[in-house]
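Working notes, structure below.
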There are 2 protein chains.
Amino acid sequence: MPADSGPDAPDTTRPDDDLRADGENAGQEKAGEENAGRENAGEENLVEAFWAVARRLRHGTRVALEPWSISPSQSRALGVLIRHGEMRLSSLADHLRIAPRSATEVVDGLQELDLVERRPDPADRRAVLVVPTPHGRSTADAIHRARAAEGERLFATLTPADRADLSRVLRKLHD
Amino acid sequence: MPADSGPDAPDTTRPDDDLRADGENAGQEKAGEENAGRENAGEENLVEAFWAVARRLRHGTRVALEPWSISPSQSRALGVLIRHGEMRLSSLADHLRIAPRSATEVVDGLQELDLVERRPDPADRRAVLVVPTPHGRSTADAIHRARAAEGERLFATLTPADRADLSRVLRKLHD
DNA sequence: CCCTCATGTTGAGGTAACCTCAGCTTTCGG
DNA sequence: CCGAAAGCTGAGGTTACCTCAACATGAGGG
């Protein structure tokens, strides 16, 4: 199962993506199926155009991240840990929205890959802090770069004016 | 497990979504974590802004689709079947990129929900054609409308000029 | 006509990524 | 001092796939 980590990592579960229906996934079904038999219709078309671009970007990113062989949940966890520097296991579970029991095993896996280590929490000796290792950081960084490069490949096809427009509009939508 | 079907259905696997790392998923981790500790950096930021919008849209859509209780794989299958009208089981498996064995059971589930039916294939009596039922079609249509409405809610915050810009740029990216 | 392959089903067993529950030891804090 | 927290272990569960094998029926080509 190809892996990913760090912020904005794509879903790497299924070939051209994950568990969902058309559109928002990364081209789950065969290419060219989107909007088959459906006419453009104002707002709806804007939504579908957006997801079509999302699929392209996700697919490219997924391919680009295949060399890193950590599981999706491990890479999500690593991404959270990279951003926070260190984190208690219970907090990690909260951030990942999984049960603490599950987080124990995700961290076990990351530890086996030498991507994180468990350290005692000086503030509470019952607790452990999960900390990315240097290897974990460099792995996450490499993955992040690969994804950024992939995005650049797509957006580089735009003129500077178009990029500025897109950036402006995306910021409005995001805020 | 909330469900979805039809084109552009979002991933509905996990709360704020599916199996992957940050960014391209629908806000897996807690809100506000994106770009934590990361400065804006040209192209990279465009990619991240794009995924941030994608997460918002996905989250909203996922919530909107919760009333339909079919599984993600069922809704993906239904989406493919709606677009194609009818399809052999082996073709459906190809489109969904799952094994025929697995497609058998996805269709079993759809059949139990009265969303599709199996018909003999007149061209090959070994084969069966999977066909959406009227209920399946109306369900898929309702799901599609709900998602379109959700997209409209997000994009309606833009001025007409911004929408035109976004639409133009997205079309360039998509082609 | 015969043989090879295709079709979809059933059954069995497997993996991954989660889940809940219970029990345990150690630690914390009121 | 005591109830709760922290994380671990173990057990058992679900979902969404997977492979493999076997089977009956049907198709098609030599």
Side-chain angles (χ1 to χ4, degrees), chain A residues 1-4 11-21 25 28 69-78 86-113 116-131, chain B residues 1-4 11-21 25 28 69-78 87-112 116-131:
Chain A
M1 186 175 274
D4 60 81
D11 139 46
T12 57
T13 310
R14 287 195 55 78
D16 292 15
D17 272 316
D18 54 6
L19 306 174
R20 48 250 155 93
N25 68 16
Q28 203 70 28
S69 51
I70 65 178
S71 72
S73 52
Q74 289 172 343
S75 61
R76 283 166 52 218
L78 188 59
E86 67 183 12
M87 180 170 271
R88 279 190 182 181
L89 190 125
S90 52
S91 294
L92 179 64
D94 287 341
H95 281 75
L96 296 175
R97 290 191 169 88
I98 63 176
R101 179 73 187 82
S102 304
T104 295
E105 294 196 344
V106 171
V107 172
D108 282 349
L110 286 170
Q111 217 173 3
E112 281 165 32
L113 294 169
V116 305
E117 62 182 357
R118 281 175 162 98
R119 289 181 187 165
D121 184 347
D124 184 340
R125 288 184 298 188
R126 293 169 299 177
V128 293
L129 291 173
V130 185
V131 186
Chain B
M1 188 177 272
D4 61 80
D11 140 42
T12 57
T13 308
R14 286 199 53 79
D16 292 16
D17 265 316
D18 53 6
L19 307 174
R20 48 246 156 98
N25 67 18
Q28 203 69 27
S69 52
I70 66 177
S71 72
S73 52
Q74 288 171 343
S75 61
R76 280 167 52 220
L78 187 60
M87 180 171 272
R88 280 194 183 177
L89 191 127
S90 51
S91 294
L92 179 63
D94 287 342
H95 281 76
L96 297 175
R97 290 190 170 87
I98 64 177
R101 180 69 189 84
S102 303
T104 296
E105 294 197 343
V106 172
V107 172
D108 284 348
L110 286 170
Q111 215 170 5
E112 281 164 33
V116 306
E117 63 181 358
R118 281 171 161 101
R119 290 178 185 166
D121 183 346
D124 185 338
R125 288 186 297 190
R126 295 170 298 177
V128 294
L129 290 173
V130 186
V131 185

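We name chains A, B, ... by the order of the sequence lines, and we start the count at 1 in each one. These numbers were taken from a predicted model, which means no experiment stands behind them.
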(request) Look at the side chain of Arg101(A) and decide which nucleotide, out of dT19(D), dG7(D), dT9(D), has an atom nearest to it. (result) dT9(D)
(request) List the atom of Gln74(A), the atom of Gly109(A), and the distance in Å for their closest heavy-atom pair. (result) NE2-CA, 3.5 Å
(request) Could you grab the distance from atom CZ of Arg88(A) to atom CZ of Arg126(A), nearest 0.5 Å is fine? (result) 7.5 Å
(message) Quick check: do Leu129(B) and Pro122(B) have side-chain heavy atoms less than 4.5 Å from each other?
(response) yes
(request) State, with a plain yes or no, whether a side-chain heavy atom of Val106(A) is found less than 4.5 Å away from one of Arg76(A). (result) no
Value in whole Å for how far the [atom2] atom of [N] lies from [atom1] of [X]:
X         : N       : atom1 : atom2 : value
Leu89(A)  : dT26(C) : CG    : P     : 19 Å
Asp121(A) : dG7(D)  : CG    : P     : 8 Å
Leu96(B)  : dT15(D) : CG    : P     : 19 Å
Leu129(B) : dT7(C)  : CG    : C1'   : 12 Å
Asp94(B)  : dA6(C)  : CG    : C1'   : 13 Å
Arg126(A) : dG3(D)  : CZ    : P     : 16 Å
Arg76(B)  : dT15(D) : CZ    : P     : 17 Å
Glu105(A) : dT20(C) : CD    : P     : 14 Å

(request) Could you check Asp108(A), Val131(A), Val107(A) and say which one makes a side-chain contact (heavy atoms from CB on, under 4.5 Å) with Val116(A)? (result) Val107(A)
(request) Please figure out whether Pro100(B) or Arg118(A) has its closest DNA chain D nucleotide nearer the 5' end. (result) Arg118(A)
Quick one: is [N] close enough that its OP1 or OP2 comes under 4.0 Å of any side-chain N or O from [X]?
X         : N       : result
Ser90(B)  : dT7(C)  : no
Ser71(B)  : dT15(D) : no
Ser102(A) : dC19(C) : yes

(message) Return whichever of Arg125(A) or Ala103(A) has its heavy-atom-nearest nucleotide of DNA chain C closer to the 5' end.
(response) Ala103(A)
(message) Reading DNA chain C from 5' onward, which residue's closest nucleotide shows up sooner: Asp124(A) or Asp108(B)?
(response) Asp108(B)
